[in-house]
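Contents: one structure, followed by commentary.
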Amino acid sequence: MFTNIGAKIKNLATVTCWIGIIASFIFGLLLIADAEDSGIAIAVGLLVMGLGTLFSWIGSFMTYGFGELIEKTTEIAENTGNANQPKSTGFCTVCGGPLNALGRCDKCNK
């Protein structure tokens, strides 16, 4: 349910955007159909169709961007999984000798 939440938020943004676009067109068509040959009502219907589509699209930016942010943050957290591990001091914990470039002790090979 909560796995891959970033993609689900992005899908939600896409679906709500399309619902808003379709609703704008339907409402605009209803206004035009009910116009009774009034030029103002037809213009209002067209305006509702155009601006409703535009605002639905722009309104989905924040939700989609939040989903993208969650996805990228999850990706960064997965790629830096060893960041919380204690840093090596450069000396062997067994004999106290210096560690080589591979993190192994030259004295005791641990």
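The two residues Gly45 and Leu31 come nearest to each other via the heavy atoms CA-CB, 3.9 Å. Of all heavy-atom pairs spanning Ser56 and Ile21, the tightest one is OG-N, 3.7 Å. Taking every heavy atom of both residues into account, Cys108 and Val94 meet most closely at SG-CB, 4.3 Å. The minimum heavy-atom distance between Lys107 and Cys95, with the atom names listed, is CB-SG, 3.8 Å.
Asp34 contributes no side-chain N or O that, together with a main-chain N or O of Leu30, makes up a donor-acceptor pair within less than 3.5 Å. Counting only distance, with no hydrogens or angles, the side chain of Thr63 and the backbone of Ser60 share no donor-acceptor pair below 3.5 Å.
Atom OG1 of Thr3 is separated from atom NZ of Lys8 by 4.5 Å, given to the nearest 0.5 angstrom. Remark: Thr73 OG1 to Glu68 CD distance equals 10.0 Å, nearest 0.5 Å. The line from CD1 of Ile70 to CZ of Phe66 is 4.0 Å long, rounded to the nearest 0.5 Å.
Within 6.0 Å of atom CZ in Phe61, more than 12 heavy atoms from other residues, nucleotides or ligands are found, so the atom counts as buried in its surroundings. Atom CD1 of Ile40 has 12 or fewer neighbouring heavy atoms from other residues, nucleotides or ligands inside a 6.0 Å radius.
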Next item on the list: Please report the C-alpha distance between Ile32 and Met49 in whole Å, then the side-chain angles of each, then the deciding distance to 0.1 Å, and finally whether the side-chain contact (heavy atoms from CB on, under 4.5 Å) criterion is met.
Entry: CA-CA 10 Å; Ile32 292 171; Met49 293 169 84; 4.0 Å; yes

